[in-house]
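Presented below is the structure to which this report refers.
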Amino acid sequence: MTDSKYFTTTKKGEIFELKAELNSDKKEKKKEAVKKVIASMTVGKDVSALFPDVVNCMQTDNLELKKLVYLYLMNYAKSQPDMAIMAVNTFVKDCEDPNPLIRALAVRTMGCIRVDKITEYLCEPLRKCLKDEDPYVRKTAAVCVAKLHDINAQLVEDQGFLDTLKDLISDSNPMVVANAVAALSEIAESHPSSNLLDLNPQSINKLLTALNECTEWGQIFILDCLANYTPKDDREAQSICERVTPRLSHANSAVVLSAVKVLMKFMEMLSKDLDYYGTLLKKLAPPLVTLLSAEPELQYVALRNINLIVQKRPEILKHEMKVFFVKYNDPIYVKLEKLDIMIRLASQANIAQVLAELKEYATEVDVDFVRKAVRAIGRCAIKVEQSAERCVSTLLDLIQTKVNYVVQEAIVVIKDIFRKYPNKYESVIATLCENLDSLDEPEARAAMIWIVGEYAERIDNADELLESFLEGFHDESTQVQLQLLTGIVKLFLKKPTETQELVQQVLSLATQDSDNPDLRDRGYIYWRLLSTDPVAAKEVVLAEKPLISEETDLIEPTLLDELICYIGTLASVYHKPPMSGPPLTTSSVQMGAVDLLGGGLDSLMGDEPEGIGGTNFVAPPTAAVPASLGAPIGSGLSDLFDLTSGVGTLSGSYVAPKAVWLPAMKAKGLEISGTFTRQVGSISMDLQLTNKALQVMTDFAIQFNRNSFGLAPAAPLQVHAPLSPNQTVEISLPLSTVGSVMKMEPLNNLQVAVKNNIDVFYFSTLYPLHILFVEDGKMDRQMFLATWKDIPNENEAQFQIRDCPLNAEAVSSKLQSSNIFTVAKRNVEGQDMLYQSLKLTNGIWVLAELRIQPGNPSCTVRAPAPTLRPWSLPFVPCQGVVLVEDAVQASLQAWLEPESVRSLKRTFLESFHIHPVRLPR
Amino acid sequence: MIHSLFLINCSGDIFLEKHWKSVVSQSVCDYFFEAQEKAADVENVPPVISTPHHYLISIYRDKLFFVSVIQTEVPPLFVIEFLHRVADTFQDYFGECSEAAIKDNVVIVYELLEEMLDNGFPLATESNILKELIKPPTILRSVVNSITGSSNVGDTLPTGQLSNIPWRRAGVKYTNNEAYFDVVEEIDAIIDKSGSTVFAEIQGVIDACIKLSGMPDLSLSFMNPRLLDDVSFHPCIRFKRWESERVLSFIPPDGNFRLISYRVSSQNLVAIPVYVKHSISFKENSSCGRFDITIGPKQNMGKTIEGITVTVHMPKVVLNMNLTTTQGSYTFDPVTKVLTWDVGKITPQKLPSLKGLVNLQSGAPKPEENPSLNIQFKIQQLAISGLKVNRLDMYGEKYKPFKGVKYVTKAGKFQVRT
């Protein structure tokens with residue numbers, strides 16, 4: 001009897017039939033029916049219509065039937081929240097069952113039902129289960145806290161579950177400890193700053209004890225948690241290492257790699273003179289090698305990590321070269337990784353073996369692999385000086401095979417060898433020249449031209465060779481064109497008499513007939529150099545070049561140290577620190593994912609020192625600084641008011657100076673800076689792209705992640721010409737507010753992905769809120785009055801703006817230029833009262849009262865908390881409270897923490913009243 | 001943690017999906033299919049794929065893809081290990097890990113997946129525990145169940161679950177108490193053109209089949225434990241005891257399990273039991289070539305080498321092969337260009353050989369690459385590393401168990417370059 005029978009009834013009345021069977025009196029029939037329902041569910045059929053009938057089967061003594069019903073519930077409760085409530089009673093009852101298996105099952109299933117209404121009922125049973133006498137129930141409950149946190153983080157904090165979870169780290173049962181650690185780690189990911197896993201020598205000791213006794217999976221969680229700890233001295237580091245070392249012999253490769261991570265990290269603290277240090281190094285090699293005999297998928301991840309480890313500590317695996325030899329039936333992804341590590345391990349001692357292998361690989365079938373093998377030979381030559389000659393002769397052998405792609409790769413790497421060992425192997429040039437006609441890839445053509453130009457004096461027919469390339473100049477890629485230009489200029493400087501005509505020709509091609517600014521510029525530079533001072537030209541163009549070294553393909557040391565801390569994680573597979581991974585955007589992880597997003601995000605924010613902190617946002621403006629210059633984004637408030645100039649004639653709203661959003665070092669040479677503007681009803685993002693890499697960038701595209709106000713590019717990113725090295729373009733990207741909406745934190749956070757031909761890069765930035773103030777934000781007086789009255793007093797907050805020497809007119813006109821309108825004005829006891837309104841792009845109205853005392857250089861803003869909660873998201877309306885970005889930040893903080901409200905009030909001088917209200921449509 | 005799992009067959013149908021948190025749409029697999037298309041060969045699909053919102057981590061086992069969806073940072077090895085464990089469990093329960101078997105037992109599969117992972121955290125992955133929670137399907141049991149109405153879901157908490165020895169269930173009872181160990185060694189080697197060894201190492205495992213009543217405490221000792229310097233242990237083994245005395249001391253799980261796996265590294269000399277004489281040549285400007293291979297015993301410690309198979313991936317331009325063999329039979333698949341020669345046993349008196357003509361596509365250039373020979377063989381009653389079990393002692397129980405050790409050596413990735 002197999003389950004495939006459950007798939008057979010596909011007739012029309014299937015649901016009806018199942019319904020009848022589910023309500024049958026016979027137990028057996030009922031169970032069969034539920035099984036059929038589950039089977040349909042697995043293949044994606046919609047059986048949600050049977051919800052009440054299935055739930056009716058829940059009250060049973062038959063555990064299998066109960067489990068099946070639970071399975072069904074987890075799948076469909078979300079779509080039938082009201083019905084799901086029916087199940088709550090049974091859950092609560094089951095949580096009291098004498099059988100621990102049933103108690104655990106109930107609390108586990110309840111956590112999987114992602115329905116808000118149910119979570120409320122879950123709290124009490126969960127609290128009991130966390131303290132259950134049976135460890136199986138406790139360990140299940142620990143995971144349940146993480147589940148609940150995913151659904152409703154606030155609830156978990158309010159109910160004090162986090163503290164209970166922390167207590168479980170001291171539980172007597174190792175499995176409970178492991179699960180508590182796992183749950184806390186997961187929760188901590190969504191709270192990067194929180195100090196949930198408070199590690200101290202005592203808790204570390206508990207973890208190390210549990211480590212020996214818990215399951216393999218628990219060991220992974222505990223080891224990963226240990227890796228985050230910083231021992232106070234080398235003795236503590238050593239004692240932890242000693243207790244972690246036995247994990248290296250575990251059969252589970254994930255345990256092994258997590259242990260390696262802990263050891264690699266803590267080893268930093270040990271003195272190299274220590275005997276133990278040497279012992280540890282020796283112990284690390286065998287487990288790493290063993291990982292390579294596992295399944296190919298495991299091998300791949302292991303190899304990516306070994307790649308980091310051999311760069312950090314080459315001594316560990318220096319004798320293990322042979323295990324990285326490629327087997328012909330390895331999957332290609334394993335082959336390429338092994339090759340990379342072979343080169344990193346290549347040394348004088350083993351180079352003969354390595355070269356013999358590489359030569360063997362160069363005759364394999366897979367083109368990608370063969371190419372990489374040929375390149376590897378070149379890298380060996382550069383890395384191990386003694387082997388250079390042998391490498392060159394191996395490459396020449398390969399060129400003799402005349403296999404097209406092998407020849408081309410070989411020429412590219414020989415060019416590099418020339419740059420490392422000038423004036424040594426030029427005898428091979430003749431052989432290279434024979435293959436000139438077969439080169440069809442730009443990189444190989446450019447390499448060949450470079451060689452001819454560089455050694456023009458030794459090649460009799462250099463002029464003919466270069467001339468032959470010149471015929472199709474316009475069809476060549478930029479790379480080749482640039483090389484050709486330089487090559488011919490070099491030739492001219494070396495043999496001026498015969499090549500005058502040639503150089504004229506290439507200069508005119510480059511400067512007059514080409515659209516590429518890079519090529520044109522280089523052409524003009526050469527031209528002017530040659531025509532003004534040929535001697536100087538010679539010094540510049542034929543200058544001695546710095547030698548290249550193998551370091552070019554090593555990971556930069558600081559990045560390497562960072563990546564070592566991420567051994568075993570996804571970051572280690574991509575060799576990128578966590579932020580640069582893809583953005584993860586479900587609600588539960590949007591801000592969380594410490595490893596994936598968090599750290600990186602913080603550092604991004606760090607680029608705008610005054611953006612968020614909330615401490616500097618009222619920097620008093622000084623008279624000398626013009627609003628648009630020099631002021632960091634953070635002082636936007638004062639800029640908006642433009643207090644010092646006192647004129648209020650700015651056209652359009654305030655525009656912050658461009659800030660660097662994506663530094664070049666994080667984006668392979670692409671630097672992006674920008675700002676946001678709003679002009680006559682349209683929002684745009686003004687970007688400045690700078691290419692700081694050595695290669696040309698093309699194929700730009702941009703995308704936004706979902707954000708609070710639905711900002712989205714209204715047109716594709718238009719970069720017309722390819723961006724050459726050191727070139728900068730300015731682009732204004734029109735934005736719309738019709739994109740999809742998701743609450744971000746902070747509210748004005750925008751996550752952006754920019755793609756070019758090299759890679760995809762991610763960054764996030766904060767946009768000033770006033771770009772969202774629409775032009776028709778002036779509210780009707782009557783309506784203003786009515787709305788104003790409806791706002792309860794207890795929702796009020798007041799803020800003051802210091803040093804604001806403006807009169808009412810100036811403030812009013814200043815604000816109006818940013819689409820904040822004065823609805824009414826009156827004078828009370830010598831004070832000017834301004835009633836302001838503004839509207840956001842999503843239709844939320846914000847009202848405010850502004851009080852200005854003549855002679856007193858400050859103005860006061862009263863800001864009440866919102867009465868309505870548009871979008872039904874907590875805290876959302878806060879952004880409407882204050883007018884400009886800093887104030888938005890401040891108020892956002894303010895509603896979250898009473899403490900900062902107070903500090904805010906201290907900072908501002910008077911009161912500023914603003915109501916966010918959504919008007920009836 | 002692991003968010004969702006999709007099972008995909010070779011023709012690209014998603015035939016099972018399981019979500020441990022919220023539901024992730026099937027469309028996420030499109031990224032996987034894209035990568036699969038790019039890889040051309042199913043085995044070359046990269047195991048970690050990043051998509052705009054998720055990571056996909058996959059394994060390829062028994063012609064099926066197990067694709068897991070990841071949303072937060074999690075060690076990829078953890079996921080891959082777990083996926084293999086899932087595949088192992090299916091194998092264990094249904095005798096094979098195939099689409100048909102999974103579809104036939106879809107409810108059990110679902111129950112198992114639910115039991116193995118909770119909210120993305122592994123819950124119970126030990127076969128012993130799982131089998132107490134969910135009984136494997138047997139024809140007899142389903143007949144009994146349908147008569148008695150009993151179920152195949154255990155209704156008590158598995159005893160091992162929380163004890164210090166989670167891998168063993170309590171109350172095991174056998175009438176015949178037996179403990180068998182299989183020492184299986186595989187030789188991974190690359191032999192170059194001239195017959196010298198480029199690289200060789202031995203991957204060994206000791207698989208155990210333990211059917212002992214009660215709570216037996218075993219210790220297994222070796223004649224030459226020094227050979228074992230790179231070992232991975234089953235969690236049941238007491239590491240301290242091994243460190244100090246080089247004895248494997250453990251309370252075993254019930255049934256079949258892998259006790260240790262070890263590697264005898266290339267630093268030690270590895271005996272190569274066979275040699276191959278080969279001459280494969282293609283003539284310039286002609287549409288044929290010659291093919292001649294002979295296989296013979298080398299360091300076989302006096303044992304018979306059997307089950308020999310030679311597979312050769314011939315170059316693409318090969319159209320057909322006309323060969324004669326002195327022993328066994330050969331096939332050539334003109335589509336995949338794979339030559340398979342099933343040799344059988346080697347008798348030293350008359351060495352098996354395979355020779356003849358190779359027909360090439362006319363006009364095509366002479367192939368550049370030389371095909372590698374992939375060799376499979378088996379030697380019974382021999383652990384090529386020389387590892388020998390000394391004795392097995394049992395404590396904690398009174399009865400006298402029946403004990404046995406079997407040795408076998410096989411070719412792993414054994415490759416001869418030509």
Side-chain angles (χ1 to χ4, degrees), chain A residues 1-4 27-28 35 38-39 42 62-64 67 71 100-101 108 114 135-136 143 146-147 175 182 189 213 215 217 220 246 249 251-254 257 286 290 293 295 297-298 300-301 322 325 327-328 331-333 363-365 401 403 568-570 573 582 584-586 589 593 595-596, chain B residues 1 16 22 43-44 46-48 50-53 55 59 71-73 75-78 80-81 84 103-107 110-111 114 118-119 121-122 142 149 151-153 155-157 161-162 164 166 190 198-199 203 229-235 239 261 263 266 368-370 372 413 415 417:
Chain A
M1 277 223 295
T2 71
D3 294 348
S4 50
K27 241 190 200 171
E28 203 46 36
K35 279 192 178 178
I38 300 276
T42 59
N62 185 317
L63 192 66
E64 186 182 17
K67 277 189 172 180
L71 267 177
L101 192 62
R108 184 172 128 205
R114 307 174 61 87
Y136 182 74
V143 175
K147 292 181 194 168
M175 248 76 81
E189 275 194 9
E213 290 165 11
T215 66
W217 313 108
I220 301 170
S249 300
N252 186 321
S253 61
L257 200 58
T290 302
S293 53
E295 286 80 359
E297 298 93 1
L298 296 168
Y300 171 73
V301 178
K322 282 186 173 177
F325 286 179
K327 288 161 194 149
Y328 89 100
I332 183 74
Y333 56 82
T363 63
E364 281 219 27
V365 194
T401 63
V403 177
T569 68
L570 284 164
V573 175
L584 300 171
T585 47
T586 40
V589 284
D595 286 346
L596 285 171
Chain B
M1 296 296 114
L16 190 114
S22 51
E43 270 135 28
N44 287 339
V48 185
S50 75
T51 79
H53 302 301
Y55 284 95
I59 63 163
Q71 233 168 11
T72 50
E73 177 61 81
L77 277 186
F78 160 97
I80 296 171
E81 280 277 359
H84 278 293
K103 277 188 170 165
D104 280 351
N105 297 288
V106 71
V107 175
Y110 245 66
E111 287 172 338
E114 188 58 35
D118 176 22
N119 196 37
F121 300 107
S142 51
S151 79
N152 59 349
V153 168
D155 54 6
T156 49
L157 190 62
Q161 183 77 289
L162 286 158
N164 286 334
I190 303 174
V198 175
F199 158 82
Q203 304 286 351
D229 63 347
D230 181 6
V231 196
S232 300
F233 297 112
H234 188 276
F239 187 73
S261 52
R263 185 175 66 92
S266 36
E368 279 309 324
E369 75 268 13
N370 284 324
S372 279
K413 288 186 169 172
Q415 164 187 352
R417 290 176 180 159

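A, B, ... follow the sequence lines: proteins, then strands. Residue 1 opens every chain. Below, all heavy atoms of this structure are taken into account, side chains as well, without hydrogens, waters or symmetry copies.
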Side chain, backbone, both or neither: which part of [X] has a non-hydrogen atom closer than 4.5 Å to chain B?
X       : value
I332(A) : both
L298(A) : both
V143(A) : both
Y328(A) : both

Determine the minimum heavy-atom distance between [X] and [Y], stating which atoms define it.
X       : Y       : result
R263(B) : T290(A) : NE-OG1, 3.9 Å
S232(B) : A251(A) : CB-CA, 3.8 Å
I38(A)  : Y110(B) : CG2-CD2, 4.5 Å

When rounded to the nearest 0.5 angstrom, what is the spacing between [atom1] in [X] and [atom2] in [Y]?
X       : Y       : atom1 : atom2 : value
D118(B) : R108(A) : CG    : CZ    : 5.0 Å
E81(B)  : E295(A) : CD    : CD    : 7.0 Å
F78(B)  : N252(A) : CZ    : CG    : 9.0 Å

Which bit of [X] comes within less than 4.5 Å of chain A, counting heavy atoms only: side chain, backbone, both or neither?
X       : answer
I190(B) : side chain
Q203(B) : side chain
V48(B)  : both
S372(B) : both

Is any side-chain heavy atom of P75(B) less than 4.5 Å from a side-chain heavy atom of I220(A)?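 Touching, per the 4.5 Å side-chain cut-off.
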Mind checking whether Y300(A) and P46(B) have side chains closer than 4.5 Å, heavy atoms only? no
Pair count under 4.5 Å, heavy atoms only, with chain B: among P331(A), S293(A), A146(A), S253(A), highest is S253(A)
Given H84(B), M1(B), H234(B), the one with more heavy-atom pairs under 4.5 angstrom with chain A than any other is H84(B)
I need the residue from N119(B), I80(B), V231(B) with the largest number of non-hydrogen atom pairs under 4.5 Å to chain A.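 Of the options given, most contacts go to N119(B).
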Hey, is K35(A) close enough to E111(B) for a salt bridge, meaning N to O under 4.0 Å? no
